[in-house]
Protein chains: 2
Amino acid sequence: MISQTAEYALRAMVFLAENPEGAHPVSRIAQHTQVPAGYLSKVLQNLVKAKLVVSQRGLKGGFRLGRPAAELSLLDIVNGVSPIERITACPLGLAHHSSRLCALHHRLDEAIGSFEGCFRTTTLADLLEGQGTFTPPA
Amino acid sequence: MISQTAEYALRAMVFLAENPEGAHPVSRIAQHTQVPAGYLSKVLQNLVKAKLVVSQRGLKGGFRLGRPAAELSLLDIVNGVSPIERITACPLGLAHHSSRLCALHHRLDEAIGSFEGCFRTTTLADLLEGQGTFTPPA
DNA sequence: TGGAATTTGGACATCAAGATCTGATTCTCG
DNA sequence: CGAGAATCAGATCTTGATGTCCAAATTCCA
């Protein structure tokens, strides 16, 4: 449904939002989010390029959020690493096919839009303040 | 967003719903849906296993819908070839992580559910009767 | 009645892309 | 200068997508 890369990016961003003081090296983020460190490093680089996190090298370096958690939607994050693609044009050749396939792709795009909407309307801050609402299974 | 396989399956099913008389060999379906024939053959085999289409070998053989179009939802089709996976349990280890990751996955599953809902509430028949509603771009 | 033509059913082989790990390089703080 | 960290370039592994071939079933016709 959503790429592994996007899942990892979301976990890392939630962790960074949870711990806004100071920078966190990839090893620490990997440990807390249970993401393979080698790969997470690459994912974080993409997030840096997308300006969603900022990085700092050297001793006491690491990663931190590039913007306040309230201004970072889940959609920003997902699109930063593996963008959700809307269906804008009919994937088949144009006019010569029946219009039912167009109807199909119209519905398809509606579904994607609905999915995308959930991501657009939720920020990292929303997740933080919702703490306790969803109790983890024991 | 949705696997290539599922996209192909949907196209083929729409074609079969459009042409309910007689059976259609994979070559004809491939031609009308612009799906690579070799692969489509495999996809159709999966649809047969899922009881969504019935097949017949030999001369004049081919594929046809396994149920009336009004009783085939898009979700049935997608789940027949590459199921949509809901997030039922937290993908991380259990109790020792913060509950914010749980909140994340809760939202994630809501988004998937919303996507899934679009598919569940649309049948092949819905697509057919909607003909003309969405004009293909010229 | 039997064989040729057609078509599905399966088993492999190939190809591309995503996911993962490793090592060398560059930066920065103390 | 030296240790800790990001950065970057490859190498590897897995999986989904795709193509190819042959066997099994079915129809049709001589």
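Each chain gets a letter, A, B and so on, in the order its sequence line appears, and its residues count up from 1.
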Legend entry - d(CG, A/L44; P, D/dC8) in whole Å: 13 Å
Inset, instruction - If a pair satisfies side chain to side chain donor-acceptor pair (under 3.5 Å) and one of its residues is in residues 78-91 of chain B, list it, with sequence neighbours excluded. - result: B/S3-B/S82, B/R86-B/D109, B/R86-B/E116
Legend entry - With B/T5 via side-chain hydrogen bond (donor to acceptor under 3.5 Å, both in side chains) - residues at least two apart: B/Y39
Inset, instruction - Take atom CG of A/L47 and atom C1' of D/dC8, then tell me their distance rounded to the nearest Å. - result: 17 Å
Inset, instruction - List for me each residue that meets side-chain contact (heavy atoms from CB on, under 4.5 Å) alongside B/E7, sequence neighbours excluded, and say none if there are none. - result: A/P91, A/H105, A/L108, B/R11
Legend entry - chain A footprint on DNA chain C, 5' to 3' - any atom under 4.0 Å from a heavy atom: C/dA19 to C/dC29
Legend entry - Any residue meeting side-chain contact (heavy atoms from CB on, under 4.5 Å) with A/T123, in chain and number order, not counting sequence neighbours: A/A125, A/D126
Inset, instruction - Quick one: which residue pairs count as a salt bridge (Lys or Arg N to Asp or Glu O under 4.0 Å) with a foot in residues 57-78 of chain B, not counting sequence neighbours? - result: B/R67-B/D76
Donor-acceptor contacts, no H, no angles, side chain residues 19-27 of chain A, under 3.5 Å, sequence neighbours left out:
unit_1: A/H24; atom_1: ND1; unit_2: A/R28; atom_2: NH1; d: 2.7
unit_1: A/H24; atom_1: NE2; unit_2: A/N19; atom_2: O; d: 2.8

Legend entry - Partner set under side-chain contact (heavy atoms from CB on, under 4.5 Å) for B/V48, not counting sequence neighbours: B/V53, B/S55, B/F63
Legend entry - Rounded distance in Å - CG (A/L40) to C1' (D/dA5): 14 Å
Inset, instruction - Can you measure from CG (B/L65) to CD (B/E18) and round to the nearest 0.5 angstrom? - result: 11.0 Å
Legend entry - Nucleic acid footprint by protein, nucleotides 17-30 of chain D - heavy-atom cut-off 4.0 Å, B for base, S for sugar-phosphate alone: SBSB---BBBBS--
